[in-house]
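Taking it in order: structure first as structure tokens, then the write-up.
First listed ligand is number 1; within each ligand, the first listed atom is number 1. All residue numbers refer to positions in the sequence shown, counting from 1.
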Amino acid sequence: MINPVPRVRFAPSPTGYLHVGGLRTALYNYLFAKNNNGKFILRIEDTDRNRYVEGAVENLIKTLKWVGLNYDEGPDNGGEYGPYYQSQRLDIYKAHAKILLEQGNAYRCFCTPERLTLLREEQQKVKLQGKYDKHCLHLTHEEVEQKLSEKILFVVRLNVPSEKIISFDDVIREHVEFASETVDDQVLIKSDGYPTYHLANVVDDHLMKITHVIRGEEWLSSTPKHVLLYDYFGWVRPVFAHLPLLLNADKSKLSKRQGDVAVEDYRDKGFLKEALINFVALLGWNAGDDREYYKLNELEKYFSLDRVNKSGAVFNVEKLSWLNFEHLRQKPVEEVLVLLKDELNKSKFSGKTYKDEYLIQVIASMRERVSFVKEYIEKSPYFFEEPDEYDPDVVKKRWKEDSPILLKTLAGSFSLLNENASKEEFEQALHKTAEESNSAVGKLIHPLRLAVSGMGVGPGVYDLLVILGRDEVIRRINTAIEKINI
Ligand code: GLU
């Protein structure tokens, strides 16, 4: 048989935001599809009405688009196997539940919530796993008909066989076995007529011709129920791949309490999509070497499920920051320019305009010093406005009694240069002034940096002068002489 085109899906339940674990699942599915010339599908699993959150789907789609994980089929771009919202497929699930009921592989359960609670409490007392006791499986046909005619609410449950080993193969976990005694008679259709995740997920994966189910390890214990469903329907099982858990640095399960878990939070903090994607790709996968820096198109080329680890992946935010630095450093300057303009618009400099050529020079001078776009503004505000204060520690250390007079002389020599004087010209002028004033070069350089930037650190001082331009430099020197009193 010719292998079908691989088809994989990301099937989130919209909860309001995209969790970083969800992003990892989406990314691995996407990469697998790209690497195998397959199709990547987005399916919205929204049958749990209690968890419905207004705007959650739109937000999810927006976030996926922001990171660049484009899907071939999905709720907003359609496809051959739609609709891609489970809430629009209810009749399909009902029809499938009916098949299972007719086969005897599912049964109606009329137990009241009170009886189920009591049952659970009794099981807890003797330390038994909470499980339905198949009470309603033993109702006669007449009893069932009677209850139906009385309109007693019921759910449809999966009939899990007794004393069987339910096994399946998983690309990452290898051969997995569950004793059927540990598997509950899962509710498939709830009393409100909505399917549970388990039924809807399996039916859709089959109907949407999903070949590989790639998802988080938290779903591993649901898989025996799913493989039973595949077998009951007589369907070919997909290949399963359960991805390792995401852990905090202390090896506990990644939680909101220990840091941000929403992709949006990282975006809002200024992380680049390239860095996030790179970081998330490494949460459980490596190419077999020490390489850590990847662009999305490289990941598409190198990713393979065979190299996904079994053991939990530690979420290390420092690595993410380092990757952000690297991706920002290697980003084409025109792209950084767009991001910097956005950032300026959000900052206190929003009303001001700067020429592109000017901003490009700023970017070039600060590139090696910033990990985030906003740091261009935070670390070097003097490029966007003249300093309104001077770092007192630097003043104390660098501003000497003779600094005003030396800087005044220096401003005099700078005034003889062109407005667009080069680095070398500024440097020569400074050296000449130092010589003529019988002064060490440092006695000019340090106060000069302080005068033009208000700070003691930054890019090379001559780069600073060239970017600001002769007139602005002279103006700032004069202001500093006036303002700095020691
Ligand atoms: N709707 C499930 C979730 O929210 C999908 C799990 C799966 O991929 O099967 O993650």
Which of the atoms of ligand 1 are close to [X], meaning less than 4.0 Å from one of its heavy atoms?
X	value
Y197	2 (C), 5 (C), 6 (C), 7 (C), 9 (O)
N201	7 (C), 9 (O)
E45	1 (N), 2 (C), 5 (C)

Inset, instruction - Hey, can you tell me if Y197 and W219 have their rings parallel, tilted or perpendicular (30° and 60° cut-offs)? - result: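 Tilted.
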Inset, instruction - Please state whether the rings of H206 and W235 are parallel, tilted or perpendicular, taking 30° and 60° as the class boundaries. - result: parallel
Inset, instruction - Please write down residue, atom name and distance for the protein heavy atom closest to atom 10 (O) of ligand 1. - result: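 The closest heavy atom on the protein side is W219 CZ2, 3.3 Å.
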Inset, instruction - List the closest protein heavy-atom neighbour of atom 8 (O) of ligand 1: residue, atom name, distance to the nearest 0.1 Å. - result: R9 NH1, 2.6 Å
Legend entry - Salt-bridge contact E218-K253 (side-chain N to carboxylate O under 4.0 Å):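 Looking at E218 and K253, the cut-off is not met.
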Legend entry - Close N or O approach (A11, ligand 1; < 3.5 Å): yes
Inset, instruction - Please indicate whether E318 has more than 12 foreign heavy atoms, meaning atoms of other residues, nucleotides or ligands, lying under 6.0 Å from its CD. - result: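 Result for CD/E318: open.
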Inset, instruction - Identify the residue among E368, E274, E375 that makes a salt bridge (charged side-chain N to carboxylate O under 4.0 Å, His left out) with R329. - result: E368
